[in-house]
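Working notes, structure below.
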Amino acid sequence: MLNEDSDEFKNFCRMSPNDFDFLLSKVEPLITKQKTRLRVPIPAKVRLALTLRFLATGDSYRSLHHLFKISSAAITFIIQEVCTAINTVLKDQIKVRN
């Protein structure tokens with residue numbers, strides 16, 4: 001996806017490839033999973049792209065399942081985990097209304 005036209009990438013994730021790479025470098029240590037004998041983990045890039053797509057469009061988990069080929073159950077955990085990671089690394093730059 002990062003190799004595609006930057007306008008298409010921007011439309012998909014609602015951010016530039018450079019911003020995506022910056023955010024990925026910040027959250028990657030928090031969202032990367034270990035490879036085990038039983039499974040190959042979903043890469044951090046995919047986890048972040050899935051979450052950004054959800055936040056940008058509000059797509060249903062079913063729609064994201066078809067787009068990313070990841071189970072809806074896994075999507076639930078991924079979105080929660082990545083949002084927590086984004087909040088953790090950008091907490092000083094995020095303003096929340098009370």
Side-chain angles (χ1 to χ4, degrees):
M1 183 170 55
L2 285 170
N3 297 333
E4 294 184 21
D5 180 29
S6 66
D7 287 338
E8 289 197 29
F9 181 86
K10 210 174 206 177
N11 185 42
F12 188 81
C13 287
R14 303 298 199 266
M15 67 173 43
S16 71
N18 290 338
D19 290 340
F20 181 87
D21 288 337
F22 171 78
L23 185 57
L24 180 62
S25 72
K26 296 287 189 186
V27 298
E28 192 168 23
L30 300 173
I31 65 172
T32 298
K33 300 296 180 189
Q34 295 293 322
K35 182 177 179 179
T36 68
R37 291 186 334 206
L38 301 177
R39 66 172 168 77
V40 175
I42 298 166
K45 273 186 183 180
V46 174
R47 298 166 70 82
L48 179 58
L50 175 122
T51 301
L52 293 174
R53 179 69 181 178
F54 173 75
L55 294 172
T57 64
D59 281 352
S60 68
Y61 287 4
R62 180 185 286 283
S63 174
L64 293 169
H65 159 70
H66 292 294
L67 186 61
F68 286 91
K69 307 297 186 233
I70 298 173
S71 73
S72 295
I75 289 171
T76 301
F77 293 110
I78 289 169
I79 290 173
Q80 290 175 2
E81 181 180 47
V82 174
C83 285
T84 300
I86 291 170
N87 190 39
T88 300
V89 300
L90 298 178
K91 65 184 169 197
D92 295 333
Q93 299 171 1
I94 297 174
K95 293 184 181 183
V96 180
R97 286 192 323 192
N98 292 330

Problem set entry | CG on Leu30 to OG1 on Thr88, rounded to 0.5 Å | 6.5 Å
Exercise. In Å, rounded to the nearest 0.5 Å, how long is the span from CG of Leu50 to CG of Leu67?
Worked result: 8.0 Å
Exercise. What is the distance from atom CD1 of Ile79 to atom OG1 of Thr84, rounded to the nearest 0.5 Å?
Worked result: 11.5 Å
For this session: Output the distance between atom OG1 (Thr51) and atom CD1 (Ile75), rounded to the nearest 0.5 Å.
Result: 9.5 Å
For this session: For Ile70 and His65, work out which heavy atoms get closest and say how close.
Result: O-ND1, 2.8 Å
Problem set entry | Partners meeting side-chain contact (heavy atoms from CB on, under 4.5 Å) with Leu90 (sequence neighbours left out) | Leu23, Ile86, Gln93, Ile94
Exercise. For Cys13 and Leu52, which heavy atoms make the closest approach, and how far apart are they?
Worked result: O-CB, 4.1 Å
Exercise. How long is the span from the CZ atom in Phe77 to the OG atom in Ser71, to the nearest 0.5 Å?
Worked result: 9.0 Å
Seminar exercise, completed: Tightest non-hydrogen contact, residues Ser72 and Tyr61, listed as OG-O, 3.8 Å
For this session: Using the salt bridge (charged side-chain N to carboxylate O under 4.0 Å, His left out) rule, collect all pairs that involve residues 52-64, keeping only residues at least two apart or in two chains.
Result: Arg53-Asp59
Exercise. When the ring planes of Phe9 and Phe20 are compared, do they come out parallel, tilted or perpendicular, using 30° and 60° as the limits?
Worked result: perpendicular
Problem set entry | Distance (rounded to the nearest 0.5 Å) between Ile78 CD1 and Cys83 SG | 11.5 Å
Problem set entry | Exercise: identify the closest heavy-atom pair between Ala44 and Ile31 | O-CD1, 3.7 Å
For this session: Please collect all side chain to side chain donor-acceptor pair (under 3.5 Å) contacts where either partner lies in residues 23-40, sequence neighbours excluded, each pair once.
Result: Lys33-Glu81
